[in-house]
Amino acid sequence: MAGILNLHNFSRVLIYSLFLHIWTVFAQNTTNNSTAPTIRWSACPSGIPPGVDCGSIQVPLSYKSGNSTVSDGNQTVSLLLTRLNSTGNGTQNPLFFNPGGPGVPASTLVAAGQFVPNFGVSDAVRRVYTIIGLDPRGVGYSTPIKCDPNIYNQRIRTFVSDNASYQALVSYNRRFGQSCANLTGPLLNNLDTVHVAKDHELVRRALNATKFNLLGLSYGTLLGQQYLSLFPNTVGRMALDGPVDHSQSEPSTFSFSGDTNNTCALNGNNTRQVFNDLLLKADASPIPAPSCNGTCQPNVTGEDIRYNVQSFLQFVDLSYASNWTGLGVALQDASNGNATALSTPLALTQNATSIEGSPFSYLAIGCQDWLHQARSATDLELRLQAVQPFAPLTAGASQTYYYQSRCLGWPAPLTNGQVLLNTTITQRAPTVLIAHSVYDPSCSSVWADGVRQQLPNSVSITRNGSGHLSHFLLGDTRAVLDNFLANGTLPPDGSIYQT
Ligand SMILES: *[C@@H]1O[C@H](CO)[C@@H](O)[C@H](O)[C@H]1NC(C)=O
Ligand SMILES: *[C@@H]1O[C@H](CO)[C@@H](O)[C@H](O)[C@H]1NC(C)=O
Ligand SMILES: *[C@@H]1O[C@H](CO)[C@@H](O)[C@H](O)[C@H]1NC(C)=O
Ligand SMILES: *[C@@H]1O[C@H](CO)[C@@H](O)[C@H](O)[C@H]1NC(C)=O
Ligand SMILES: *[C@@H]1O[C@H](CO)[C@@H](O)[C@H](O)[C@H]1NC(C)=O
Ligand SMILES: *[C@@H]1O[C@H](CO)[C@@H](O)[C@H](O)[C@H]1NC(C)=O
Ligand SMILES: *[C@@H]1O[C@H](CO)[C@@H](O)[C@H](O)[C@H]1NC(C)=O
Ligand SMILES: *[C@@H]1O[C@H](CO)[C@@H](O)[C@H](O)[C@H]1NC(C)=O
Ligand SMILES: *[C@@H]1O[C@H](CO)[C@@H](O)[C@H](O)[C@H]1NC(C)=O
Ligand SMILES: *[C@@H]1O[C@H](CO)[C@@H](O)[C@H](O)[C@H]1NC(C)=O
Ligand SMILES: *[C@@H]1O[C@H](CO)[C@@H](O)[C@H](O)[C@H]1NC(C)=O
Ligand SMILES: *[C@@H]1O[C@H](CO)[C@@H](O)[C@H](O)[C@H]1NC(C)=O
């Protein structure tokens, strides 16, 4: 879970380095097994920065149950992956990199990591591994999820106050979801992270790799855990940053997903008051967003602000993303009547994908992975009440609440709701390194501990700081994660780092 990365400056870096990368088309037939899919290497799509090779692979639309990777039916989906060659001269094992979302395109981030150190890995990791960025099904350049942008851009309240607004929410969700089902086809029903883990397994085999090595951030940690619970024997080195606990009941998932008292960014200078005043104002009458110019909603409600501050809270000062400094400016501007920076982006196409992720895949994947069983307005209201004491400002607006409300009435089935991992299986895997930060607005320390309990062979490390994820920050925590990936060196369990 990462919210949608808001990589505004980063998009400019990409545009700067963008060109059409032509690569000779050839087929690779590593396994000599006609039933196992193979990777075709070819030209990269123009949005992917240079320096990588692009491959595509056809995988089953649907798999048989359990840990089977056998197709259930004869339909397939197409996945795109980028390969960043190792700089070393030894055995080049693949390291998969999943940067989260769900919905952030791994393909592009892996390529961009050559130019933007925050998105890359250490030199030592580059020497040891070929880095693989596989866009999960429905994401990036893999077979996309398509929806009607006009329905998406209509607004709907998720903070319901009575049964009429609950019913309006459910029927809106159903209508929007139906547009996705119409435009996407059966892929909409086959997006859960079990499918995604099995896809990664088929790509591992197609690459002829003996082990599955992973750097998983946020949603990527969920992918790692699912892989590990299905294929413990082929886990190699796994470093998980910003862990997602996929085991709790629906209300407690909501309560413990984030350090929801995360509005410390707003402290000082009576900014708390500024924020509260702003919400009162926006709740009374939407605040204009005059510079959106057709790219974001023309005005901003209190609910919009509660959700949209989330992306600013993910990073304290990462310069490629929305951050706390930007939040200060956004709030000040909004107080002065210009809420552009807090406005919800409009979806402009049926395939709304971008480097920041697609709001369609973010929702459609989440609806298959996360419980959403509120039967009434009261169910939702009680949940929001319960978090009031520790989320007084954002009032519970979060990725978790978004799924619990926006997935009601969704046409695709919930296929992979929360469940405890079976430790009899997970303990067969080698040691996993798990990093979290003390004040993480997206994945709390409670989640980090929950994941640790489900992975008996794990070592936990903590960054004593704020913000979601540590790997992007280039500090000590990242050095330890990368050192583990490169050399297998584990820090003492429970180590704490300041950066
Ligand atoms: C696949 O890997 C195995 C062992 O790691 C090796 O013996 C074999 O030659 C490899 N095959 C190809 C096509 O790379
Ligand atoms: C791949 O292997 C299959 C099964 O052995 C074979 O039928 C096919 O011709 C091979 N394709 C290529 C491109 O080598
Ligand atoms: C071929 O691949 C399938 C699925 O990937 C696997 O179940 C089967 O055992 C493989 N067969 C051989 C001969 O390797
Ligand atoms: C990556 O390595 C392969 C050989 O393993 C080579 O064919 C390919 O050109 C390399 N790609 C890039 C972008 O250097
Ligand atoms: C796919 O399966 C369906 C029935 O399950 C069958 O009617 C169809 O002919 C199959 N298509 C191919 C290309 O094998
Ligand atoms: C491989 O690279 C290392 C330095 O990274 C170098 O010391 C060694 O000589 C190289 N080996 C070969 C066979 O090129
Ligand atoms: C989806 O397709 C069905 C059947 O074609 C149609 O009745 C319905 O209006 C469509 N719904 C949306 C939201 O596009
Ligand atoms: C799949 O699970 C079965 C037990 O349910 C186990 O025997 C088998 O080894 C597993 N396969 C893989 C590839 O992990
Ligand atoms: C406090 O906020 C006000 C506007 O809300 C601003 O004018 C002032 O410069 C800020 N003071 C400090 C010390 O940041
Ligand atoms: C607003 O958008 C229109 C067309 O999309 C464009 O021509 C115009 O330059 C934009 N204005 C600003 C201020 O960005
Ligand atoms: C706010 O924007 C919506 C479009 O999302 C529009 O329908 C509505 O009239 C606007 N409200 C105000 C008060 O400007
Ligand atoms: C939330 O943050 C505020 C401001 O930093 C602090 O005063 C308050 O004690 C915190 N509440 C909880 C429950 O941690």
Side-chain angles (χ1 to χ4, degrees), residues 31 33 35-36 60 63-72 145-158 168 170-189 194 197-206 209-212 224-236 238 281-305 307-308 334 337-340 342-351 359-360 363-364 406 409-412 421-430:
T31 56
N33 177 340
T35 65
Y63 292 103
K64 293 201 189 301
S65 64
N67 61 10
S68 171
T69 51
V70 172
S71 183
D72 185 12
I145 293 157
K146 295 183 186 168
C147 303
D148 184 338
N150 296 321
I151 302 179
Y152 175 82
N153 293 338
Q154 291 162 14
R155 302 154 98 174
I156 187 73
R157 277 185 71 80
T158 62
V170 175
S171 67
Y172 168 86
N173 292 343
R174 186 172 291 126
R175 194 159 57 91
F176 175 58
Q178 194 54 53
S179 84
C180 307
N182 285 6
L183 293 166
T184 306
L187 173 60
L188 198 74
N189 299 328
V194 170
K198 291 182 176 184
D199 292 344
H200 279 73
E201 172 61 359
L202 289 188
V203 173
R204 177 190 73 80
R205 291 184 205 159
T210 50
K211 295 289 180 192
F212 180 70
Q225 294 169 66
Q226 305 258 219
Y227 181 95
L228 192 150
S229 67
L230 293 165
F231 312 111
N233 302 332
T234 41
V235 172
M238 211 180 254
K281 205 153 120 188
D283 280 337
S285 167
I287 301 172
S291 309
C292 278
N293 198 17
T295 63
C296 43
Q297 291 286 357
N299 56 53
V300 171
T301 64
E303 183 171 320
D304 293 337
I305 295 175
Y307 276 110
N308 293 338
N338 181 345
T340 303
L342 294 170
S343 170
T344 306
L346 293 173
L348 301 174
T349 59
Q350 288 184 349
N351 169 10
F360 303 159
L363 180 61
R406 287 291 295 266
W410 190 253
L421 299 178
N422 179 343
T423 51
T424 315
I425 294 174
T426 60
Q427 73 186 1
R428 289 190 208 134

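Start at 1 with the first residue, then count along the sequence. Just follow the structure's listing: the first ligand is 1, and inside any ligand the first atom is 1.
Listed by atom number, the atoms of ligand 11 under 4.0 Å from Asn299 heavy atoms are 1 (C), 2 (O), 3 (C), 8 (C), 10 (C), 11 (N), 12 (C), 14 (O). For ligand 11, the atoms lying closer than 4.0 Å to a non-hydrogen atom of Pro298 are 2 (O), 4 (C). Contact atoms of ligand 11 toward Gln297: 4 (C), 5 (O) (distance under 4.0 Å to a heavy atom of the residue). Taking every heavy atom of Leu230 and a limit of under 4.0 angstrom, the matching atoms of ligand 8 come to 14 (O).
At a heavy-atom distance under 4.0 Å, only side-chain atoms of Arg155, from C-beta outward, approach ligand 11.
Screening residues 286-300 for salt bridge (Lys or Arg N to Asp or Glu O under 4.0 Å) gives no qualifying pairs among residues at least two apart or on separate chains.
Ligand 8 does not have Thr234 within reach: every non-hydrogen atom of the residue lies 4.0 Å or more from it.
In this structure, Asn182 contributes its side chain and Ser179 its backbone to no donor-acceptor pair below 3.5 Å. The backbone N or O of Lys146 sits nowhere less than 3.5 Å from a side-chain atom of Asn351 that would complete a donor-acceptor pair. Side chain of Tyr172 to main chain of Arg157: no donor-acceptor pair is present (N/O by atom type, distance under 3.5 Å, no hydrogens or angles). A donor-acceptor contact shorter than 3.5 Å links the side chain of Thr295 to the backbone of Cys292. A donor-acceptor contact shorter than 3.5 Å is absent between the side chain of Thr423 and the backbone of Thr426.
Scored by the side-chain contact (heavy atoms from CB on, under 4.5 Å) test, Asp72 finds Ser62, Lys64 as partners (sequence neighbours excluded). A search for side-chain contact (heavy atoms from CB on, under 4.5 Å) contacts involving Ala334 returns Leu278, Ala339, Leu342, not counting sequence neighbours.
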List, pair by pair, the atoms of ligand 7 and of the protein that are both N or O and lie under 3.5 Å apart, giving the separation rounded to 0.1 Å.
residue  : atom   : partner : partner atom : Å
ligand 7 : 2 (O)  : Asn182  : OD1          : 3.1
ligand 7 : 2 (O)  : Asn182  : ND2          : 2.2
ligand 7 : 11 (N) : Asn182  : ND2          : 3.1
ligand 7 : 14 (O) : Asn182  : ND2          : 3.1

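By the 30° and 60° cut-offs, the orientation of the rings of Tyr227 relative to Phe212 is parallel.
Remark: ligand 8 and Asn233 share no N or O pair separated by less than 3.5 Å (distance only, no angle test).
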